[in-house]
Number of protein chains: 2
Amino acid sequence: MVTIGDVAKAAGVSRSTVSYALSGKRSISPEVRERVETVIRSLNFTPNAGARALATSQTNVIALLAQFLTDEFAPAMLQYILGVTDRARELGYDTLMVTEEDGVKALKRISDSRMVDGFVLLNVAEHDERLNLLRTAVQPGALIGLPSDPHGLDVFDLDFAAAGRLMVDRLYGLGHREMVLVSQPQHVVERGGAYVWRLANAAHSRAEELGARLHTYFGASAQPEIGADLHRFLDAHPGATGLLLNNEAAAAALPSVLQTRHLRAPDDLSVIGRYSDDFARTFSLPYSAVDSAAAELGRRAVEQLVRHIENHTSDHVVELIPPVITERGSVGAPPPAHDLR
Amino acid sequence: MVTIGDVAKAAGVSRSTVSYALSGKRSISPEVRERVETVIRSLNFTPNAGARALATSQTNVIALLAQFLTDEFAPAMLQYILGVTDRARELGYDTLMVTEEDGVKALKRISDSRMVDGFVLLNVAEHDERLNLLRTAVQPGALIGLPSDPHGLDVFDLDFAAAGRLMVDRLYGLGHREMVLVSQPQHVVERGGAYVWRLANAAHSRAEELGARLHTYFGASAQPEIGADLHRFLDAHPGATGLLLNNEAAAAALPSVLQTRHLRAPDDLSVIGRYSDDFARTFSLPYSAVDSAAAELGRRAVEQLVRHIENHTSDHVVELIPPVITERGSVGAPPPAHDLR
DNA sequence: CTGAAAGCGCTTACAG
DNA sequence: CTGAAAGCGCTTACAG
């Protein structure tokens, strides 16, 4: 391989000069710089990453810890991942993708061996075992997902509570007084998926404040079970004119459920979901929805992480992205029979 | 940080002894080994990855180059990725996930800087620009996807030609004599997605051999366009009793298309697709299909790559996985009106 | 503006 | 069975 020594020899300068020409950390005479750069190009020299990491204690790599839980909707993960890898690259970092089952073990191994400059954690649970380890690690960490105790870490998440309120407000404002909310399955909550109840609780409180009725349910996270669930929930509340979905599988199953029931949105039922625009596009889902902002969350997490790595800050942030509804025309006034009574 | 020197000092031995205790590359007296291991544990020593890479020219990292093309069905990618990352970890390797637009540039940067020991390429096109570079790289490379010239590289792919024949054979054997094949969009082919015509051509030849009629079409790769496409294709061939799908979006759209047309599979129309079991599960697709074997291909690519990295072989392989149909009960005899004539 | 040298934390021939 | 030392390819104070 061609080393910095080869470049130095060919350019007739010292290795330090080549190094400084590369980094720009001290001034170099134009002629020498020109000569060095020419040689670098002609020899196709690229610094050895391991050597550089050893000398600088910087790897220019971040780790992305993602867990693929069988009951989570996997395709939704891809947007977060792409948000992270793409933004990291723009900022000069490569991404080590870690999908090990045992996140604690993986974190320890990678942190201790100094393979990366920082961590982005996906799928953060309310009481996440990885967090204590991450707090003691020498590398900074950014989370996508709000844990109960975020101290010492940077946290990015959708403001699920605000999302719940927004969904209720949107339908209430159009005249809906009875609604059904379908959440992720209960075991997602039990595993620490706090976003489920953050949205549900806030939606419930807001409905109460407004004097509207909101029936909340856990639905399955896969087809065809979720289809049967949806039928059951709708059967149970014939007076409900609004449907709120915090469950990707439910959104994907809804078109055929509505078709079977001969219902159209928004004429017969107003529907509002919570999923990514990309998900909507892939499955051509016709429902207005609070955007998950997956790629955006991935990007912000990386940006903050890099800020820490490069010492532009030592403060920690908890950023909850305000919910935004992407309108797709599935919400409207309730049908006349159910009009404001 | 705790270094090998700290361990050596605490154990009262030389650094080389600690190193050898770690690697097992030379025999150590039981007492010394015991002592060293105790210290390693108590000091929580993990070797510095950069230093080790510099000394050994081995990083224990592989790169996974994935391109997320907007017209490709992104969720299908995840299975390949997980197959790669999980198997790599089992074999002692971490995975650098590279999603850069410019695959050639990324490959060059990562190869030249010696960040990884090998490459796995996803989305390999027929005439893939990355391949020449990969052939000259010092690190070995394994491809998922068959290019026109695989020399000097390891290739893993589904045997799409055999898949095409198998799909036709399966329906022909049940009595179908007129079928429709819906492929990915034409621009996927133009970009070098050879699997599209490999399946289509083989299916076509086999149909011809058998004296059956096969109408082949390119369909959109997104909803709702693909739904309209499907209606169009079915309208054009009222006598067709079998439908072959080499297009994930088409499979996802088909249930509602059939519902609209009041058709049931297999009673009115036999349907056979080509997609992953995971995809089928996620969307509860009720159609028998040739499994994409995504995770399996990812695993095999990694295994062969590691074999090269660790010098267990210098031979190159082209492995085309034989197609296997996962039966889901969507194929049967043609309806009476269309029976063997 | 530039060079010689030390040092990053490992591994591995070399020597005993 | 074990240790002292060289070397991997960089960066960066130190000196001029």
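Remember, it's a predicted structure, so these values are computed and weren't measured experimentally. To find a chain, count down the sequence lines: A is the first, B the second, and so on, and within it residues start at 1.
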*Asks:* For the pair B:Glu31 and B:Arg35, find out whether any cationic side-chain nitrogen is under 4.0 Å from an anionic carboxylate oxygen.
*Replies:*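 No.
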*Asks:* Do you know the tightest heavy-atom contact between A:Ala88 and A:Thr95?
*Replies:*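 Minimum heavy-atom contact is CB-OG1, 3.7 Å.
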*Asks:* Going 5' to 3' along DNA chain D, between which two nucleotides do contacts with chain B fall, using a heavy-atom cut-off of 4.0 Å?
*Replies:*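 Going 5' to 3' along DNA chain D, contacts run D:dC1 to D:dG9.
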*Asks:* Check B:Arg300 with B:Glu303, please: is the shortest side-chain N to carboxylate O separation under 4.0 Å?
*Replies:*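 So B:Glu303 does not pair with B:Arg300 through a salt bridge.
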*Asks:* Considering residues, nucleotides and ligands other than B:Glu101, do more than 12 of their heavy atoms fall under 6.0 Å from its CD?
*Replies:*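 Open.
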*Asks:* Can you tell me if A:Glu129 has over 12 outside heavy atoms packed within less than 6.0 Å of its CD?
*Replies:*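 For A:Glu129, atom CD is not crowded (no more than 12 foreign heavy atoms under 6.0 Å).
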*Asks:* What pair of heavy atoms forms the shortest contact from A:Leu122 to A:Met77, and how long is it?
*Replies:*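 Here A:Leu122 and A:Met77 meet closest at CD2-CE, 3.8 Å.
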*Asks:* Compare every heavy atom of A:Gly145 with every heavy atom of A:Asp157, then report the nearest pair and how far apart it is.
*Replies:*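 Smallest interatomic distance, heavy atoms only, reads OD2-CA, 3.4 Å.
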*Asks:* Which ones in residues 12-25 of chain B lie close to DNA chain C, meaning a heavy atom under 4.0 Å from one of its atoms?
*Replies:*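 Heavy-atom contacts with DNA chain C come from B:Arg15, B:Ser16, B:Ser19, B:Tyr20, B:Lys25.
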*Asks:* Apply salt bridge (Lys or Arg N to Asp or Glu O under 4.0 Å) to residues B:Arg109 and A:Asp94 and explain how you reach the verdict.
*Replies:* CA-CA 11 Å; B:Arg109 175 173 58 81; A:Asp94 282 295; 2.5 Å; yes
*Asks:* What stem regions, each of at least 3 consecutive Watson-Crick or G-U pairs below 3.5 Å, can be found for DNA chain C?
*Replies:*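 Stem segments, range with range: C:1-3 with D:14-16, C:5-12 with D:5-12, C:14-16 with D:1-3.
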*Asks:* Of B:Leu107, B:Leu153, B:Leu305, which meets side-chain contact (heavy atoms from CB on, under 4.5 Å) against B:Phe119?
*Replies:*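 When B:Leu107, B:Leu153, B:Leu305 are each tested with B:Phe119, the side-chain contact (heavy atoms from CB on, under 4.5 Å) holds only for B:Leu107.
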*Asks:* Would you mind telling me which residue lines up with the more 5' stretch of DNA chain D, B:Ala55 or B:Val32, judged by nearest nucleotide?
*Replies:*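 The 5'-side residue here is B:Val32.
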*Asks:* Please determine whether side chain to side chain donor-acceptor pair (under 3.5 Å) holds for the pair B:Gln67 and B:Asn123, giving the CA-CA distance in whole Å, both sets of side-chain angles, and the decisive distance to 0.1 Å.
*Replies:* CA-CA 7 Å; B:Gln67 315 190 280; B:Asn123 276 323; 5.3 Å; no
